[in-house]
Amino acid sequence: MNLEDFRIFCLEKKASEEDFPFTKDILVFKVMGKMFALTNINSWESGIPEVNLKCEPEKAEELRAKYPESILPGYHMHKKHWNTIKIYHKDITPSLLTTLINHSYQLVIQKLTKKQQQQLNEHF
């Protein structure tokens, strides 16, 4: 998966939007104003792409144990709820990456208020 494929996949999510709230190099994807994915564009350009994705804490621990070189506690994020995925490692397949993105997105949707969930379902 290249940066544009990653970007398109994230933007195809219902009510997803991209933003650069931190710096011009940190691309963030949000749903209803809540982050579900972020990446440093420079990491893609230098050939070592990484993304930060939200993850259920128990699943995060399992993934880190199964992929100790490729999935680490989230860099500059809450380590319990975020993972950094080193996409350039061969054990991070496109299928695994899309599954992890979907999981992150679903976690954010589940944590939205009832009003936000209703807005999401009515307007998007």
Side-chain angles (χ1 to χ4, degrees):
M1 180 177 283
N2 62 36
L3 178 58
E4 189 60 18
D5 292 337
F6 170 73
R7 186 178 162 272
I8 290 168
F9 187 79
C10 289
L11 288 173
E12 287 175 343
K13 306 277 175 234
K14 191 177 196 179
S16 177
E17 59 187 10
E18 63 185 338
D19 193 11
F20 290 88
F22 305 116
T23 70
K24 62 180 176 55
D25 300 325
I26 306 298
L27 176 59
V28 175
F29 294 92
K30 298 178 180 181
V31 57
M32 304 296 291
K34 306 288 184 186
M35 291 190 306
F36 69 92
L38 63 149
T39 190
N40 186 325
I41 293 172
N42 294 330
S43 73
W44 294 82
E45 292 172 353
S46 64
I48 51 169
E50 299 178 351
V51 298
N52 282 6
L53 299 171
K54 201 163 182 75
C55 191
E56 188 278 323
E58 286 182 23
K59 182 174 181 147
E61 291 296 326
E62 291 171 13
L63 289 166
R64 293 172 196 167
K66 186 173 181 178
Y67 305 101
E69 306 250 336
S70 306
I71 301 180
L72 306 170
Y75 181 71
H76 283 300
M77 305 298 284
H78 190 294
K79 310 282 188 240
K80 184 176 178 180
H81 298 279
W82 287 85
N83 283 329
T84 295
I85 316 301
K86 295 182 175 193
I87 299 171
Y88 56 92
H89 282 205
K90 62 184 172 189
D91 55 352
I92 304 300
T93 64
S95 175
L96 176 59
L97 182 59
T98 57
T99 297
L100 296 174
I101 295 167
N102 288 337
H103 176 70
S104 181
Y105 177 83
Q106 287 302 316
L107 280 177
V108 173
I109 296 292
Q110 292 169 3
K111 297 287 184 180
L112 294 175
T113 65
K114 290 185 184 213
K115 182 178 180 181
Q116 288 173 315
Q117 289 179 7
Q118 183 178 5
Q119 289 173 331
L120 180 69
N121 290 325
E122 289 177 358
H123 300 291
F124 297 97

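FYI, side chains are in, hydrogens and waters are out, and symmetry mates aren't considered; it's all heavy atoms of this structure.
Taking CD1 from Ile71 and CG from Asn83, the interatomic distance works out to 6.0 Å, rounded to the nearest 0.5 Å. Within the model, atoms CG of Asn52 and NE2 of His76 stand 9.5 Å from one another, a figure rounded to the nearest 0.5 Å. Once rounded to the nearest 0.5 Å, the distance linking NZ of Lys54 with NZ of Lys34 reads 9.5 Å. To the nearest 0.5 Å, atoms CD (Glu4) and CH2 (Trp44) are separated by 10.5 Å.
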*Please step through salt bridge (charged side-chain N to carboxylate O under 4.0 Å, His left out) for the pair Arg64 and Glu61, ending with a clear verdict.*
CA-CA 5 Å; Arg64 293 172 196 167; Glu61 291 296 326; 3.3 Å; yes
_Intermediate values then yes/no, side-chain contact (heavy atoms from CB on, under 4.5 Å), Lys59 and His103_ = CA-CA 10 Å; Lys59 182 174 181 147; His103 176 70; 3.7 Å; yes
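Other cluster members for Ile26: Phe22, Val28, Met35, Leu38, Met77, Trp82, joined by side-chain heavy-atom distances under 4.5 Å among Ile, Leu, Val, Met, Phe, Trp and Tyr.
No more than 12 heavy atoms of other residues, nucleotides or ligands lie within 6.0 Å of CD in Glu69, so this atom counts as exposed by the packing criterion. A 6.0 Å sphere centred on OH of Tyr88 holds more than 12 heavy atoms belonging to other residues, nucleotides or ligands. Atom NZ of Lys14 sits in a crowded spot, with more than 12 heavy atoms from other residues, nucleotides or ligands closer than 6.0 Å.
Residues Gln119 and Met32 have side chains in contact (heavy-atom distance under 4.5 Å, counting atoms from C-beta outward). For the pair Leu96 and Asp91, the minimum side-chain heavy-atom distance is 4.5 Å or more.
A tilted orientation is assigned to the rings of Phe36 and Phe29, their planes being inclined by 30° to 60°.
Residues Pro68 and Ala65 share a closest heavy-atom pair of CD-O, 3.5 Å. Minimum interatomic distance between Ile101 and Cys10 (heavy atoms only, all atoms of both residues): CG2-SG, 4.1 Å. Counting all heavy atoms, side chain and backbone alike, Cys55 lies closest to Ala60 at SG-N, 3.5 Å. Nearest heavy-atom pair across Asn42 and Asn40 is N-OD1, 2.8 Å.
With hydrogens and angles ignored, the 3.5 Å screen pairs a side-chain donor or acceptor of Thr39 with a backbone N or O of Glu50. Side-chain atoms of Ser104 do not come within 3.5 Å of backbone N or O of Leu100 as any donor-acceptor pair. Between the side chain of Thr99 and the main chain of Ser95, a donor-acceptor pair closer than 3.5 Å is present. Remark: the backbone N or O of Tyr67 is not paired with any side-chain donor or acceptor of Ser70 at under 3.5 angstrom.
Criterion: ILVMFWY side-chain heavy atoms under 4.5 Å apart, direct or through other members. Under it, Leu11 and Phe20 are part of a common hydrophobic cluster. Placement of Leu53 and Leu107 in two distinct hydrophobic clusters is found when ILVMFWY residues are connected by side-chain heavy-atom separations under 4.5 Å, directly or transitively. Note on Ile85 and Leu72: separate hydrophobic clusters, where clusters join Ile, Leu, Val, Met, Phe, Trp and Tyr whose side-chain heavy atoms are under 4.5 Å apart, directly or indirectly.
Checking each of Leu97, Ile87, Ile92 against Pro49 for a side-chain contact (heavy atoms from CB on, under 4.5 Å) leaves exactly one that passes, namely Ile87. Of the candidates Lys13, Lys30, Arg7, Glu18 forms a salt bridge (Lys or Arg N to Asp or Glu O under 4.0 Å) with just one, namely Arg7.
For Phe9 and Tyr105, the distance between ring centers is not under 6.0 angstrom.
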